[in-house]
Amino acid sequence: MTELYKSKPVVEKQLLYLKDKCLELKKKGVEPSMKVILVGNNPASLIYTRNKKKFCEKFEALCEIIHLDEGITEKEFLEQVKEISNDQSVHGCFIQLPLPSQLKHIDVGNLIPPEKDVDGFHKDNLNMLLHGDEENALLPCTPKGIITMLEHYGESLEGKNVVVIGRSMIVGKPMTLMMINKNATATICHSRTKDLKAHTMGADIIVSAVGKAKFLNKEFLNQDGNQVLIDVGMNHDSDGKLCGDIDREDVLEHCKAITPVPGGVGPMTILSLAQNLLQAAEKSLYK
Ligand code: NAP
């Protein structure tokens, strides 16, 4: 029977560590604090930022959403970011994407200083990841969450063949590096990959980060039913219902395990953000 690798038990367990860690930091005089920069009223962004704030409240860290006007000028926006970046009481900060058109050209990944970059997008953090120095880096949240999930469910990565579909800077590329750092043999595939099925059929673990509803079906899988499928996609099906990249009904009974959408990778991303916040807050002790 195919197992569902749900995020709920992982998050519940990790939340206990987060609560302890947060309390420990407070006793040492550090009150973990995150600022979220939100520009405009994109409905999805309003929900995402609210969920992140709610999650911080669960382990009693501070989280403030700095809600800026949709029409803010570039100068005003950069001033706000600078002010937060320089605020010693703030340990973590991120800019919720997408930004309105007048700000779209800004390289937001490198705006937040690396030691507060809880999204893990700054080039210094990515450079550490590239060099295998994961302990000192704030890692990109979605791939970090996927590793946490695989470890929770007892999936060892050493020597495994991992195929990552998608080469974005926020999911595919860092995911592949993290897999390699865990001694997996990782292959990255994308829209120009020849014969994607030949790659996926040879994989022990498939991570799909394509962004196309029900893209991956049982035709991409081997006959052994022993593959683990990680579904990063957040798409909508023809009825407007949230769904992943993987056609769950079609692959069920043809794989060892699959992450559901919703209730899989999404909450793991928020968990990683919280872990990054506490890592950043702890590091501030040794500055
Ligand atoms: P992205 O930047 O659009 O990248 C999509 C990748 O898929 C690209 O590398 C693209 O290849 C590749 N691709 C497209 N069509 C393909 C095909 N037919 N065969 C093979 N590869 C193909 O997307 P992203 O930001 O990584 O996000 C991917 C999905 O994950 C989206 O649904 C997004 O909403 C979701 N997501 C979820 C979370 C979460 O927390 N659950 C976090 C982040 C993203 P090319 O590079 O050649 O164009």
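Just so it is clear, the model here is predicted, and its values are computed rather than measured. Numbering of ligands and ligand atoms starts at 1, following listing order.
Taking Ile, Leu, Val, Met, Phe, Trp and Tyr as members and joining any whose side-chain heavy atoms lie under 4.5 Å apart, directly or through other members, Ile188 forms no hydrophobic cluster with any other residue.
Within 4.0 Å of ligand 1, the residues that place a heavy atom are Thr142, Ile165, Gly166, Arg167, Ser168, Ile170, Val171, His190, Ser191, Ala209, Val210, Gly211, Lys212, Phe215, Val232, Gly233, Met234, Asn235, Val265, Gly266, Thr269, listed by chain and number.
Evaluation of the ring-ring contact (aromatic ring centres under 6.0 Å, His included) rule for Tyr5 yields Tyr153 as partners, not counting sequence neighbours. Residues passing the salt bridge (charged side-chain N to carboxylate O under 4.0 Å, His left out) test with Glu76: none are found, sequence neighbours excluded.
With Ser45 as the fixed residue, the side chain to side chain contact (heavy atoms under 4.5 Å, CB included) test singles out one of Leu99, Val36, Leu38: Leu38.
Rounded to the nearest 0.5 Å, atoms CD1 (Ile37) and CD1 (Ile65) are 12.0 Å apart.
Linking ILVMFWY residues whenever their side-chain heavy atoms come closer than 4.5 Å, directly or via other members, leaves Phe215 and Ile230 in distinct clusters.
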